[in-house]
Amino acid sequence: MAILDVTVERAKIGDGSSESEAELGLGVRHLCESGITTLPARYVLPPADRPGNPCSALLPVVDLAALRAGDPCQLAALHAACRDYGFFQLLNHGVPPDVGRAMLDAARRFFFDLPLPARARYMSADIRAAVRYGTSFNQLNDGVLSWRDFLKLLIRDTRRLADVVPSWPDAPEDLRPAAAAYARACQRVFRELMEAALDALGIVRCRGELLEECDGGSQMMMLNCFPACPEPELTLGMPPHSDYGMLTILLQDEVRGLEVSYGEGGGGWAVVEALPGAVVVNVGDHLEILSNGRYRSVLHRVRVNGRRARVSVASLHSLPAERVIGPAAELVDEQRDRPRRYMDTDMAAFLAYLASAEGKHKSFSTPAGSTSFHLVVRQLMNASRSSSFVTKSMGAVQADYGEGGGGWAVVEALPGAVVVNVGDHLEILSNGRYRSVLHRVRVNGRRARVSVASLHSLPAERVIGPAAELVDEQRDRPRRYMDTDMAAFLAYLASAEGKHKSFLHSRRINIISSSSSSSSSSCRQAADEC
Ligand SMILES: O=C(O)CCC(=O)C(=O)O
Ligand SMILES: [Fe+2]
């Protein structure tokens, strides 16, 4: 049905679809200059992924001046915002208004005043380039393009900002000083927020070390440009994604556009309404991992506007790229119902993920939808065995069903039958064609029940990944799982045996089953790696 709709919509778009791929690669600013009046087909989302009617979200507010002064209410507000929303607005952040204004102004002039050749000097196919002008989300892999151009400025070690500034665009002429001043201001905000977050989380043992690493951490500034769009209801400026890093500080002009995912299973989208002078801060994947899941890295996306262009600057902060990140020791206690929820991750693991699945989970045309990097990490932790089980009294087994799970149906089995279910390994081997479904067992007030489950898999040392025949990157059959093996599984068991099966499973199943409708995605800032 969705495919049919898209075909019809594309046919309707007609003249807009005539731009060549090479032309589209030059970005949406260039496209606008060419005078298009309809949206080219490559930007048209399937109906289920389009932005729909906006509703508003008023984010929690944190006052950094009060936090700095030791106000316990502000620490509590920060903690609750990171835990419950993953997003907040920051007031009295200490970024001087003229520094923010100068940053946005220079970014606007870079995108709108410079002729294409001046901007195109910074175009690069290398996603690792420290300075890079590009378009869409992950241009080479996006099935549907996003209505966005960007300039990425990567600072690998924030203490060495001065060394990298000379490599930044020299036009407009105030871009370098404006971006450098803004980068420095964000570094201070990041440092202060991390200090408070570590306190709020009760991370004491490696507090000093972590803060030192924040001081010499990585910072990626994404200058985003979303020109006015001829058919804004058909596309997005950025697809649903989470940010790869500890914290992101977002500066935006007066045009709204940022939307955050909310609701059970993340089905709803709300446009962020920010207070004048506030910056928006969100938790990234690394802080979710460090906090062992107490803080949330939430999916967000950007809607575009039919009349007004929008410019934003997202400053993504993390520890140094080579740092291994895992849950803080204080937040893991296997004895006290605080299992470790994430495997350690580092840039090497992340790059391996990119090499195996780069962009695969970000494409709107990918039926599997997608996930952020840390969700993939969770998924690997969860890999177990293919299984079947035999029950004596079937009535108690329930299997998850429905869009995104959420419903539970009691299994009724025929007399004499055994029930067989697909396990995680077969789901991986089948590259997601077969599903390893959540199930649970209810108990009975009157009758005891006994069952025997026999779980089968390949030899323990065997590395399991999607079968070659079921992966074809050219034909819309991307690889959906990283390889896994028993060592990875045992490492997981050693750290977290059985404690959080349902949490991990529910995330993973959601990712798989919600995919066809939501195609949420991510790790973009990851794609434009740190
Ligand atoms: O422009 C925005 O509001 C959000 C930008 C964003 O999410 C990003 O650059 O990661
Ligand atoms: Fe983002």
Side-chain angles (χ1 to χ4, degrees), residues 28 51 54 56-57 59 85-90 100 103-104 107-108 111 127 132-139 142 146-154 179 182-183 186 190 218-229 232 235-261 266 269-275 278-288 296-305 308-318 362 370-375 520-530:
V28 285
S56 297
L59 298 179
Y85 295 84
F87 268 84
F88 57 91
Q89 347 180 28
L90 190 67
M103 175 74 264
L104 284 174
R108 199 174 293 114
F111 291 116
I127 59 167
R132 181 168 171 252
Y133 178 62
T135 189
S136 192
F137 184 83
N138 187 2
Q139 192 178 339
D142 291 341
S146 295
W147 193 257
R148 164 196 184 233
D149 292 340
F150 64 86
L151 176 67
K152 175 183 93 171
L153 304 174
L154 174 64
Y182 181 70
C186 284
F190 169 62
S218 64
Q219 177 178 22
M220 184 163 62
M221 298 228 296
M222 299 300 292
L223 282 52
N224 298 311
C225 166
F226 309 98
C229 175
T235 195
L236 284 170
M238 285 183 85
H241 67 280
S242 64
D243 290 344
Y244 183 81
M246 287 282 176
L247 287 172
T248 300
I249 300 164
L250 179 74
L251 176 72
Q252 9 171 18
D253 65 15
E254 61 294 341
V255 183
R256 295 179 317 164
L258 173 64
E259 294 190 324
V260 291
S261 161
W269 292 97
V271 182
V272 167
E273 305 278 356
L275 295 170
V279 292
V280 171
V281 179
N282 64 285
V283 171
D285 294 355
H286 284 172
L287 186 51
E288 178 171 328
R296 295 173 52 206
S297 169
V298 167
L299 283 179
H300 50 287
R301 67 181 191 183
V302 177
R303 69 160 60 221
V304 289
N305 195 294
R308 303 181 66 187
R310 173 169 182 272
V311 170
S312 72
V313 178
S315 181
L316 288 89
H317 298 259
S318 193
K362 282 170 261 157
S370 51
T371 174
S372 58
F373 175 58
H374 68 269
L375 296 184
S520 54
S521 70
S522 113
C523 65
R524 92 357 164 250
Q525 305 301 17
D528 263 287
E529 85 330 320
C530 306

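In listed order, ligands and their atoms are each counted from 1. Predicted model only: the values in this text are computed from it and were never measured.
The distance from ligand 1 to the heavy atoms of A314 drops below 4.0 Å at these ligand atoms: 8 (C), 9 (O). Those atoms of ligand 1 that come under 4.0 Å of a heavy atom in F226, given as number and element, are 1 (O). Atoms of ligand 1 lying under 4.0 Å from any heavy atom of H241, numbered from 1 in the order shown and given with element: 6 (C), 7 (O), 8 (C), 10 (O). Within the listing of ligand 1, atoms 1 (O), 2 (C), 3 (O), 4 (C) sit less than 4.0 angstrom from a heavy atom of V302.
When non-hydrogen atoms are compared, ligand 1 lies under 4.0 Å from neither the backbone nor the side chain of L316. With a 4.0 Å heavy-atom cut-off, ligand 1 is reached by the side chain of D243 but not by its N, CA, C or O.
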| message | Using side chain to side chain contact (heavy atoms under 4.5 Å, CB included), reason through W269 and L299 one step at a time and then give a plain yes or no. | response | CA-CA 10 Å; W269 292 97; L299 283 179; 4.1 Å; yes

| field | Evaluation steps, side chain to side chain contact (heavy atoms under 4.5 Å, CB included), between V298 and N282 | value | CA-CA 8 Å; V298 167; N282 64 285; over 6 Å; no

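Here the options are P51, S146, S261, the test is side chain to side chain contact (heavy atoms under 4.5 Å, CB included), and the partner is R301; only P51 passes. Only one option out of V304, N224, V302, N305 pairs with R310 in a side chain to side chain contact (heavy atoms under 4.5 Å, CB included); it is V302.
Ligand 1 has no atom lying under 4.0 Å from any heavy atom of F150. The shortest heavy-atom distance from R301 to ligand 1 is not under 4.0 Å.
Atom OD1 is the N, O or S atom of D243 at the shortest distance from the Fe ion (ligand 2).
The heavy atom nearest to atom 2 (C) of ligand 1, considering only H300, M238, R310, is found in R310.
Residues M222 and M238 fail the side-chain proximity criterion, which asks for heavy atoms closer than 4.5 Å. Side-chain contact between I127 and R132 is present, with at least one heavy-atom pair separated by less than 4.5 Å. Y244 places a side-chain heavy atom less than 4.5 Å from the side chain of H286.
Ring-plane geometry between H317 and F190 is classed as parallel, the angle between the planes falling under 30 degrees on a 0 to 90 degree scale with a further cut at 60.
Around the Fe ion (ligand 2), the angle linking H241 (NE2) with H300 (NE2) is 90°, rounded to 10 degrees.
Backbone and side-chain nitrogen or oxygen atoms of S312 are examined, and one is located within less than 3.5 angstrom of a nitrogen or oxygen of ligand 1.
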